[in-house]
Amino acid sequence: MTSDILRIDLHTHSTHSDGVLDPVELVVRAAGRGVGLLALTDHDTTAGCGAAAAACASHGIRFVPGVELSASWRGQAIHVIGLGGADCAALEAHNAELRARRRQRIEEIGARLERRARLPGIRLAQAVMETAAVPTRQHLARAIVAGGFAPDISRAFERFLARGRDGHVPVEWPSLEATLMTLKRSRRTIVLAHPHRYKLSGGALRALVSEFAQLGGDALEVSLPGMSPDAVDRIGRLARASRLAGSAGSDFHDPAVPWNPLGRSLKLAPEIEPLAARFLPAASALTVPAA
Ligand code: AMP
Ligand code: MN
Ligand code: MN
Ligand code: MN
C-alpha cells in the first residue's frame, strides 16, 4: 500500500450551469485541495470547458472536458455524463434542445408557484432566466431562499419544487437511447451519474444499468460523497455485473455546502476498473487507499 493517492474529481459544476464558482475559481479550489485529475461536467453545456482547461494547464492539473445531460427513462429523469471526446454539431444541438426545455420548464414552474403557492413565482422565474445560461431548479431554489420564502435550498425543494409539490412540472427529456447516441457521436466516455439517487426499485435499477450497458455506456458513478457504504457496495455489484467501470466525483456545486467538497480519494473495490485510469498516462497507475 502506498500513501501516494491521486485525488480525482470527474463530476463538478460551474457558473455555466448551476455551480457558484466560475471555471477558474473552481480550478483554483481544486488545485488547493490537491486534485490532479478534474472534469467539468456542467448541465447541458460545455461552455466552461475552455476556461477550465486553460486554468488546469497553469495549475498542472490534468483536465477532462465533460457534460451532464438530463434524460428520461421509464418516466424518470436520470443524468448521464459524457467525458473527454470533442464537441460536435450533434452534441451542440442536443444541449440547445435541453436548454430550451429547461427555460420553458422554469417559466411553467414560476407560473404554478404564483397560482398555487402564493409566491411571486413569475418574478422569481424571470430573475433566474435573466441571469442563468442554463436555468435549473437549483437556481430557482436559491431565488426562493434569497426571497425569504424558505430557510435553505433543500427546504425550498421539499416545500415547493419536489414531486407532489405546487411547483413540480414533469418534463419529458430525450430518451436514454438518444442521449447515448449523441454522446457516442462526440466520442465521449459515458457515465451513469449518481445511480443510487434515483427513486427506483432494485429490479428497475438493474434494468436501467443493463440497458445503459447495452446501449454502450462505459461506467457507473460508484463513489460520491454522501453515499452510504451499503450503496457503494450495491452500485459496485451492479457495475461488475454489467462489466462497467467505476467513476468517482463530488457533484460539487457550492463551497458553502460542506458535504461534497471537491476532490475524492479513490476508494473503489479492487474488482472494479477505475474509469479515471483511462484519462491518465499508462505510467501513472492509480493508487487505492488501504482499507
Ligand atoms: P434540475 O433543474 O431538475 O436538473 O435540477 C437542478 C439541480 O438541482 C440538480 O442538478 C441538483 O444540483 C439540484 N437538486 C435537485 N434536487 C435537489 C434537492 N432535493 N436538494 C438540493 N438540490 C437539489
Ligand atoms: Mn446541478
Ligand atoms: Mn445530476
Ligand atoms: Mn451534477
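Atoms within each ligand, like the ligands themselves, are counted from 1 in listed order. In this chain, numbering begins with 1 at the start of the sequence shown.
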At what distance is the nearest protein heavy atom to [atom], and which residue and atom is it?
atom: atom 3 (O) of ligand 1; value: Arg137 NE, 2.8 Å
atom: atom 2 (O) of ligand 1; value: Arg105 NH2, 2.4 Å
atom: atom 6 (C) of ligand 1; value: Thr136 CB, 3.6 Å

Flag His194 as yes if one of its N/O/S atoms falls below 2.8 Å of the Mn ion (ligand 4), otherwise no.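 False for His194.
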Report yes or no: does His43 have an N/O/S atom closer than 2.8 Å to the Mn ion (ligand 4)?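 Of the N, O and S atoms in His43, none lies under 2.8 Å from the Mn ion (ligand 4), which means no.
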His11-Asp251 side chain donor-acceptor pair, cut-off 3.5 Å: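 There is such a pair (donor and acceptor under 3.5 Å, judged by atom type) between the side chains of His11 and Asp251.
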Next item on the list: Starting from the C-alpha separation in whole Å, work towards a yes-or-no answer on ring pair (Phe, Tyr, Trp, His ring centres under 6.0 Å) for His43 and His16.
Entry: CA-CA 8 Å; His43 299 280; His16 285 274; over 10 Å; no
For ligand 1, the portion of Arg102 having any non-hydrogen atom under 4.0 Å away
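Contact part for Arg102 vs ligand 1: side chain (C-beta onward).
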Heavy-atom distances under 4.0 Å are what count here, so tell me which part of Asp18 touches ligand 1: side chain, backbone, both or neither.
->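 The answer is the side chain of Asp18.
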Would Cys49 and Phe63 count as a side chain to side chain contact (heavy atoms under 4.5 Å, CB included) if you check the C-alpha gap in whole Å, the side-chain angles of each, and the deciding distance to 0.1 Å?
-> CA-CA 9 Å; Cys49 288; Phe63 179 67; 4.2 Å; yes
Using the rule given for salt bridge (charged side-chain N to carboxylate O under 4.0 Å, His left out), can you reason through Glu273 versus Arg243, listing the C-alpha separation, both sets of side-chain angles and the distance that settles it, and then say yes or no?
CA-CA 9 Å; Glu273 180 205 336; Arg243 297 173 190 278; over 6 Å; no
### Message
Assess the residue pair Asn95 and Thr45 against the criterion (side chain to side chain donor-acceptor pair (under 3.5 Å)); give the C-alpha distance rounded to whole Å, side-chain angles, the decisive distance to 0.1 Å, and a yes or no.
### Response
CA-CA 6 Å; Asn95 278 337; Thr45 183; 5.7 Å; no
Item to complete: Would you tell me which option among Glu68, Gln138, His43 has the nearest heavy-atom contact to atom 10 (O) of ligand 1?
Response: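 Comparing heavy atoms across Glu68, Gln138, His43, the nearest one to atom 10 (O) of ligand 1 lies in His43.
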Check your understanding: Do any nitrogen or oxygen atoms of His253 lie less than 3.5 angstrom from nitrogen or oxygen atoms of ligand 1?
Key ->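 Yes - when backbone and side-chain N and O of His253 are compared with those of ligand 1, one distance drops under 3.5 Å.
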- Can you check whether Ser210 reaches Gln214 side chain to side chain, under 4.5 Å on heavy atoms?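 When only atoms from C-beta onward are counted, Gln214 and Ser210 do touch, with a gap below 4.5 Å.
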message: Need the atom name: nearest N/O/S atom of His79 to the Mn ion (ligand 3).
response: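 Distance check against the Mn ion (ligand 3) picks out ND1 in His79.
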Would you mind naming the N, O or S atom of Glu68 nearest to the Mn ion (ligand 3)?
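Of all N, O or S atoms belonging to Glu68, OE2 is the one nearest the Mn ion (ligand 3).
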